[in-house]
Amino acid sequence: MTVIDVFAHVLPPQFLARMQVDVPTILDQFPYMKNTLLTDLATHRASLPADHQQVISAVNLNPEDVMAPKQAAELCRAANAEIADMVRTNRDIFPAGVAMVPMNNIPEALAIIDDQVAGSDALVGVQLFTQALGQPITAPEYEPIFARLAAIGAPIWLHPVFDTHKTDNELTFSWEYELTQAMNSIVAAKYFRKYPDLKVIVHHAGAMVPMFGQRIKYIQSAENYEDFHRFYVDTAILGNPRALDLAADFFGNDHVLFGTDSPFGIPPVGPTAVVEQAVADMRVSETEKQRIFSGNWRRLMTTD
């Protein structure tokens, strides 16, 4: 059985080199990105277990944070072309890639979706972050991205970043809070009602939502509670099968996709083995486990 990891990261070398032209010390700001598994394809390939594939997305180095709108758009296009080329020349390990868009240039972001994602044989969706340029991802100016992706049936990969307005950010808990807040904002904005074909894959098993599902049920509206169940989630919580059971119970087994956050989390080659064992230890049927490992992804990619 082939295992498909829907949330694995790369740092395309040409993209990194272009970012370093503008910000030579950019990796010093993100030392965890100094990882050859992100940039060296041969090393990356050698780290993968047999019969494993990865849907690849870029790490959170975002051009809009350091570049003017025109330059950010140009670099996103180039990075997407680089990721698409990685997919097309390594189909045995990369079945698909995820595009990036410039959040400081929404017209060009929409054009990139039309030009590089819609109908693509390599890029199947867009990665968005919980915040962009100091604003929530549900800020009104970003809504056209959700609308366009829903219209073409392409999923959003939702990845956490720190809220730059806060002074106590830390990696263990802050990202889970930011994911939860972003999910709440998407539901509160009625995006699933406005855009019925919207698909959002949330990193880290849906963060706090499964644990606090009953609080959502009794504090928020019945409509909101229903909409929280529309999210898809991955399994990237570094193990913990009982927590994955909770996620599957809340979102439904068919909305859980195998994902690891590779190569981050557990050195030296990432958490794939630990996350895979956690799924194997879940209290769901063997058929449902196989769906989590690959079937749910394939179904998502064939859903109109």
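Remark: His52 engages Glu276 in a side chain to side chain donor-acceptor pair (under 3.5 Å) (not counting sequence neighbours). Under the ring-ring contact (aromatic ring centres under 6.0 Å, His included) criterion, Tyr195 pairs with Tyr191, not counting sequence neighbours. Gln53 pairs by the side chain to side chain contact (heavy atoms under 4.5 Å, CB included) definition with Thr2, Ile4, Pro95, not counting sequence neighbours. Taking the side chain to side chain contact (heavy atoms under 4.5 Å, CB included) definition, one finds that Thr89 meets it with Asp85, sequence neighbours left out. For Gln290, the side chain to side chain contact (heavy atoms under 4.5 Å, CB included) partners two or more places apart in sequence, or in a different chain, are Met1. For the side chain to side chain contact (heavy atoms under 4.5 Å, CB included) test, residues two or more places apart in sequence or in another chain that qualify with Asn90 are Leu41, Arg45, Asp92, Ile93, Phe94. Residues satisfying the salt bridge (charged side-chain N to carboxylate O under 4.0 Å, His left out) criterion with Glu74, sequence neighbours excluded, are Lys70.
Cluster note: Ile266 groups with Leu238, Val274 through ILVMFWY side-chain heavy atoms spaced under 4.5 Å, whether in direct contact or through intervening members. In the hydrophobic clustering, where aliphatic and aromatic side chains (Ile, Leu, Val, Met, Phe, Trp, Tyr) are joined below 4.5 Å either directly or transitively, Phe129 groups with Val161. With a 4.5 Å cut-off between side-chain heavy atoms of Ile, Leu, Val, Met, Phe, Trp and Tyr, the cluster of Val21 takes in none.
If you chain together hydrophobic residues whose side chains sit under 4.5 Å apart, Val209 and Phe212 never meet in one group. By the criterion of side-chain heavy atoms lying less than 4.5 angstrom apart, applied directly or through intervening Ile, Leu, Val, Met, Phe, Trp or Tyr residues, Phe7 is not grouped with Ile237; the two fall into different hydrophobic clusters. Both Val187 and Ile156 are assigned to one and the same hydrophobic cluster, defined by single-linkage of ILVMFWY side chains at heavy-atom distances under 4.5 Å. The hydrophobic cluster containing Val200 also contains Val256, counting ILVMFWY residues as joined when their side-chain heavy atoms lie under 4.5 angstrom apart, directly or transitively. Transitive grouping of hydrophobic side chains (ILVMFWY, heavy atoms separated by less than 4.5 Å) brings Val66 and Phe15 into a common cluster.
A distance of 8.5 Å separates CG in Asn169 from OG1 in Thr164, rounded to the nearest 0.5 Å. Atoms CG and CG, on Leu48 and Asp5 in that order, are 8.5 Å from each other to the nearest 0.5 Å. The line from CG of Asp281 to CG of Asn240 is 11.0 Å long, rounded to the nearest 0.5 Å. In this structure, Tyr142 OH and Ile106 CD1 are separated by 6.5 Å, a value rounded to the nearest 0.5 Å.
Counting only heavy atoms from C-beta outward, the side chains of Arg230 and Phe192 approach each other to under 4.5 Å. Side-chain contact between Val202 and Tyr232 is absent, with no heavy atoms from C-beta onward closer than 4.5 Å. Side-chain contact check for Ile292 versus Lys289: every heavy-atom pair is 4.5 Å or farther apart. Put simply, the side chain of Ser57 does not reach to within 4.5 Å of the side chain of Met100, judged on heavy atoms. In this structure, Val233 and Leu257 have side chains that are not in contact, with every pair of non-hydrogen atoms separated by 4.5 Å or more. By the 4.5 Å heavy-atom criterion applied to side chains, Gln54 and His44 are counted as neighbours. Counting only heavy atoms from C-beta outward, the side chains of Phe146 and Ile186 approach each other to under 4.5 Å. Asp65 places none of its side-chain heavy atoms less than 4.5 Å from the side chain of Pro63.
Looking at Thr235, its side chain does come within 3.5 Å of a backbone N or O of Gly259 through a donor-acceptor pair. Between the side chain of Trp157 and the main chain of Val6, a donor-acceptor pair closer than 3.5 Å is present. Listed for the Glu108 side chain is no donor-acceptor partner under 3.5 Å among the backbone atoms of Pro102. Distance alone, capped at 3.5 Å, places no donor-acceptor pair between the Asp197 side chain and the Ala151 backbone. Using modelled atom types, one side-chain atom of Thr180 and one backbone atom of Met208 make a donor-acceptor pair closer than 3.5 Å. Using modelled atom types, no side-chain atom of Asn105 and backbone atom of Ala73 make a donor-acceptor pair closer than 3.5 Å. Proximity of a side-chain donor or acceptor of Glu176 to a complementary backbone N or O of Phe173 within less than 3.5 Å is not detected.
Asp163 and Gln181 share no side-chain donor-acceptor pair at under 3.5 Å. No hydrogens or angles considered: nothing links the side chains of Thr25 and Asp28 as a donor-acceptor pair under 3.5 Å. With hydrogens and angles left out, the side-chain atoms of His203 and Asp261 include a donor and acceptor closer than 3.5 Å.
Gly134 approaches His165 most closely through the heavy-atom pair O-CE1, 2.9 Å. The shortest heavy-atom contact between Met67 and Asn104 is O-ND2, 3.0 Å. For the pair Asn224 and Ser221, the tightest heavy-atom approach, listed with the atom from each and the gap, is N-OG, 3.0 Å. Listed here is the closest heavy atom pair of Phe162 and Ser174: CE2-CB, 3.7 Å. Across all non-hydrogen atoms, the minimal contact from Ile83 to Gly97 is CG2-CA, 4.1 Å.
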Applying salt bridge (charged side-chain N to carboxylate O under 4.0 Å, His left out) to Asp227 and Arg193, what does each step give before you reach the verdict? CA-CA 8 Å; Asp227 285 354; Arg193 304 280 163 166; 3.0 Å; yes
Working for side-chain hydrogen bond (donor to acceptor under 3.5 Å, both in side chains), residues Ser294 and Arg298: CA-CA 6 Å; Ser294 62; Arg298 293 192 173 104; 3.1 Å; yes
Give the C-alpha distance, both sets of side-chain angles, the deciding distance and a yes or no for side chain to side chain contact (heavy atoms under 4.5 Å, CB included) between Leu158 and Ile201. CA-CA 6 Å; Leu158 185 62; Ile201 304 170; over 6 Å; no
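At most 12 non-hydrogen atoms from other residues, nucleotides or ligands lie less than 6.0 angstrom from CE of Met211.
Between His9 and His159, a ring centre-to-centre spacing shorter than 6.0 Å is recorded.
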Extract all donor-acceptor atom pairs below 3.5 Å that involve side chains of residues 111-127 and protein atoms in other chains or at least two apart in sequence.
from: Asp114; atom 1: OD1; to: Arg148; atom 2: NH1; distance (Å): 3.2
from: Asp114; atom 1: OD2; to: Arg148; atom 2: NH1; distance (Å): 2.7
from: Asp115; atom 1: OD2; to: Arg77; atom 2: NH1; distance (Å): 3.3
from: Asp115; atom 1: OD2; to: Arg77; atom 2: NH2; distance (Å): 2.8
from: Gln116; atom 1: OE1; to: Asn80; atom 2: ND2; distance (Å): 2.9
from: Gln116; atom 1: NE2; to: Arg77; atom 2: O; distance (Å): 3.1
from: Ser120; atom 1: OG; to: Ala122; atom 2: N; distance (Å): 2.9
from: Ser120; atom 1: OG; to: Leu123; atom 2: N; distance (Å): 2.9
from: Asp121; atom 1: OD1; to: Arg88; atom 2: NE; distance (Å): 2.9
from: Asp121; atom 1: OD1; to: Arg88; atom 2: NH2; distance (Å): 2.8
from: Asp121; atom 1: OD2; to: Arg91; atom 2: NH2; distance (Å): 3.3
from: Gln127; atom 1: NE2; to: Ala58; atom 2: O; distance (Å): 2.9

Could you go through residues 243-252 and list every donor-acceptor pair under 3.5 Å that involves a side-chain atom there, pairing it with any protein atom two or more places apart or in another chain?
from: Asp245; atom 1: OD1; to: Arg283; atom 2: N; distance (Å): 2.8
from: Asp245; atom 1: OD2; to: Arg242; atom 2: NE; distance (Å): 2.9
from: Asp245; atom 1: OD2; to: Arg242; atom 2: NH2; distance (Å): 2.9
from: Asp245; atom 1: OD2; to: Arg283; atom 2: N; distance (Å): 3.3

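Ring pair Phe231/Phe228 is tilted by interplanar angle, where 30° to 60° counts as tilted.
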